[in-house]
Amino acid sequence: MMWFRQIFTWWNGQTYGTRLLTWSRGELVGEDSQGNKYYQSRKDPQHRWVIYNGLAEASRIPPEWHGWMHKTVDTPPASAAYKPRSWEKPHMPNLTGSEHAYRPAGSLVTGTPRASTAGDYEAWKPE
């Protein structure tokens with residue numbers, strides 16, 4: 001079943017085409033704490049890609065690698081002494097659709113009533 005996934009699906013990891021491209025033209029740049037591996041082309045270092053360790057979800061790229069992937073910085077965090085800034089939060093995956101997703105008061109899922117408006121709201125009426 002694994003060979004079937006590698007031929008026909010891209011969201012379960014790399015396909016055979018990506019594996020062949022990575023083997024023939026790719027250069028390993030580094031790996032993050034989640035096991036995602038980052039590559040760049042040997043001929044054109046501006047061509048960059050990631051091989052996810054598990055499900056291919058773009059929000060799994062941590063902030064230090066996000067800058068390199070989007071060409072904001074030229075040096076990858078693996079080669080530079082990357083130190084997170086004081087305002088940077090630790091990486092969290094996209095929680096949308098999970099039980100840990102943000103649900104404000106008034107959401108249909110929480111069952112709490114919506115806060116009433118302050119009275120300064122006036123609905124628009126076409127004239």
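For the pair Leu28 and Lys37, the minimum side-chain heavy-atom distance is below 4.5 Å. Between His70 and Arg48 the shortest side-chain heavy-atom distance does not fall below 4.5 Å.
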Take Asn53 and Gln34 through the side-chain contact (heavy atoms from CB on, under 4.5 Å) test and state the conclusion after the steps.
CA-CA 7 Å; Asn53 181 18; Gln34 298 180 30; 5.9 Å; no
Would you please test Arg25 and His47 for side-chain contact (heavy atoms from CB on, under 4.5 Å) and show each step?
CA-CA 10 Å; Arg25 299 182 186 174; His47 185 183; over 6 Å; no
So Arg60 and Asn36, side-chain contact (heavy atoms from CB on, under 4.5 Å) or not? Walk me through it.
CA-CA 9 Å; Arg60 292 186 55 214; Asn36 300 328; 3.6 Å; yes
In sequence, state the C-alpha distance, the side-chain angles, and the governing distance for Leu21 and Tyr39, and then conclude on side-chain contact (heavy atoms from CB on, under 4.5 Å).
CA-CA 11 Å; Leu21 172 81; Tyr39 293 89; over 6 Å; no
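With sequence neighbours excluded, the residues forming a side-chain contact (heavy atoms from CB on, under 4.5 Å) with Ser59 are Glu57, Asn94, listed by chain and number. By the side-chain contact (heavy atoms from CB on, under 4.5 Å) test, Ser107 is found to be paired with Arg103, Pro104, Val109, Thr110, residues two or more places apart in sequence or in another chain being considered.
Using modelled atom types, one finds a donor on one side chain and an acceptor on the other under 3.5 Å when comparing Thr22 with Trp49.
Considering all non-hydrogen atoms of both residues, Trp65 and Gly30 come closest at CH2-CA, 3.7 Å. Looking at every heavy atom in both residues, Gln40 comes nearest to Pro45 through OE1-O, 3.5 Å. Closest non-hydrogen pair, Gly97 versus Ala101, comes out as N-CB, 4.1 Å.
Remark: Asp74 CG to Gln46 CD distance equals 6.5 Å, nearest 0.5 Å.
Around the NZ atom of Lys71, the shell of radius 6.0 Å holds more than 12 heavy atoms that belong to other residues, nucleotides or ligands.
Between Tyr38 and Trp68, the ring-plane angle classifies as perpendicular under the 30° and 60° cut-offs.
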